[in-house]
Amino acid sequence: SGTIYYVDLEESSPSGKSVITVLATDKDKDTNQQIEYSIVSGNTDGMFSVDEDTGLISTTALPTDRESGETHQLTIQAQDKGPTPRVGTAGLVITLLDINDNSPTFEDSIYILSVLENVTLSSHIGVVTAVDPDSTENGTVSYSVAPGAAVPFDFIAGTSILFTTGTLDREDTPLYSFMLRASDLGTSA
């Protein structure tokens, strides 16, 4: 009793992936020495199972998704098979490590911004927002004007602030319509 195991596991691990084997010992003899393992708490989402004979903790068919819960704290019970069973427990803390399994999405599907034609070069004209639920660089969003859009606008590096990169003349071009791109800084999953 009192042992705590700590394990890191990559999210989206396949069904049946071995996580860790917990081990209990019993100094008794015969059936009193035989141990049966079970998960007694913390597995409310059913992502993990334990082999009752070996103590091997594995993933189940349910997805291990970090975005729905980064840390899982289980209590593992070891019980001997004696006529008056004795029980011990151990804690297991499983931390799901992020993979780049989400793409950024814009909060709005269309942004309508207005700007005066006589603004100076590099004037801020608006802010757009995209979110990515992944963590670290996998969830850090970078913004750009989609390739092929010949427009006098761009983003300030490292921000979601759109600014002017050229002069605007309402008589020449009263309306600009173009696509924006949001990318994360992670590598593909």
Side-chain angles (χ1 to χ4, degrees), residues 1-109 128-144 146 158 160 179-189:
S1 258
T3 301
I4 300 177
Y5 297 88
Y6 294 91
V7 177
D8 290 339
L9 176 69
E10 194 171 83
E11 74 171 317
S12 299
S13 291
S15 175
K17 178 168 177 66
S18 298
V19 177
I20 190 172
T21 299
V22 294
L23 179 64
T25 57
D26 190 323
K27 294 180 182 175
D28 291 329
K29 300 214 183 301
D30 302 322
T31 58
N32 293 344
Q33 186 182 30
Q34 296 173 6
I35 297 172
E36 190 170 82
Y37 298 92
S38 60
I39 299 173
V40 294
S41 71
N43 197 28
T44 55
D45 49 15
M47 268 197 254
F48 305 99
S49 65
V50 62
D51 182 294
E52 66 180 29
D53 297 320
T54 65
L56 174 65
I57 310 291
S58 303
T59 58
T60 64
L62 297 174
T64 52
D65 185 22
R66 186 202 61 82
E67 287 76 25
S68 65
E70 183 175 359
T71 303
H72 299 268
Q73 298 180 348
L74 310 179
T75 301
I76 311 300
Q77 177 176 283
Q79 178 176 312
D80 69 28
K81 295 183 179 180
T84 309
R86 305 283 297 193
V87 173
T89 59
L92 172 58
V93 178
I94 301 170
T95 302
L96 296 179
L97 303 177
D98 188 43
I99 63 170
N100 194 15
D101 59 340
N102 293 287
S103 297
T105 55
F106 282 100
E107 288 187 348
D108 294 318
S109 58
V128 298
T129 306
V131 293
D132 186 328
D134 288 321
S135 67
T136 63
E137 67 276 353
N138 294 336
T140 302
V141 179
S142 172
Y143 299 88
S144 61
S160 63
M179 300 294 289
L180 303 176
R181 174 181 283 168
S183 308
D184 62 46
L185 302 181
T187 55
S188 297

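Legend: salt bridge (Lys or Arg N to Asp or Glu O under 4.0 Å) pairs involving residues 52-69, not counting sequence neighbours, sorted by first then second residue: Arg66-Asp98. For residues 11-39, there are no ring pair (Phe, Tyr, Trp, His ring centres under 6.0 Å) pairs, not counting sequence neighbours.
In this structure, CG on Leu97 lies 11.0 Å from CG on Asn138, to the nearest 0.5 angstrom. In this structure, the separation between OH on Tyr5 and OG1 on Thr21 is 9.5 Å, given to the nearest 0.5 Å. The structure places CD1 of Ile57 at 7.5 Å from OG of Ser49, a figure rounded to the nearest 0.5 Å.
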Step-by-step side chain to side chain contact (heavy atoms under 4.5 Å, CB included) determination, Phe106 to Val128: CA-CA 8 Å; Phe106 282 100; Val128 298; 4.0 Å; yes
Stepwise side chain to side chain contact (heavy atoms under 4.5 Å, CB included) test for Asn100 and Thr187: CA-CA 7 Å; Asn100 194 15; Thr187 55; 5.6 Å; no
Derivation and outcome, side chain to side chain contact (heavy atoms under 4.5 Å, CB included), residues Val141 and Val131: CA-CA 7 Å; Val141 179; Val131 293; over 6 Å; no
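Here the closest heavy-atom approach between residue Asp184 and residue Ser103 is recorded as OD2-CA, 4.5 Å. Heavy-atom minimum distance, Pro104 versus Ser183: CG-C, 3.7 Å. In this structure, Ala24 and Ala78 approach most closely via the heavy-atom pair CB-CB, 3.5 Å.
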Per-pair distances, 0.1 Å, donor-acceptor, side chain in residues 69-76, under 3.5 Å, sequence neighbours excluded:
residue, atom, partner, partner atom, Å
His72, NE2, Gly69, O, 3.1
Thr75, OG1, Ser41, OG, 2.9

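Qualifying side chain to side chain contact (heavy atoms under 4.5 Å, CB included) partners for Ser13, counting only residues two or more places apart in sequence or in other chains: Leu9, Glu10, Lys17, Thr59, Thr64. Gln77 pairs by the side chain to side chain contact (heavy atoms under 4.5 Å, CB included) definition with Ser38, Val40, Gln79, Val87, Thr89, not counting sequence neighbours. Under the rule for a side chain to side chain contact (heavy atoms under 4.5 Å, CB included), the partners of Thr54 that lie at least two apart in sequence or sit in another chain are Asp51, Leu56.
Using a distance-only test at 3.5 Å, with no hydrogens or angles considered, a donor-acceptor pair links the side chain of Glu11 to the main chain of Ile99. Side-chain N or O atoms of Asn102 include none that pairs as donor or acceptor with a backbone N or O of Asp132 at under 3.5 Å. Under a 3.5 Å cut-off, the side chain of Thr129 and the backbone N or O of Glu107 do not form any donor-acceptor pair.
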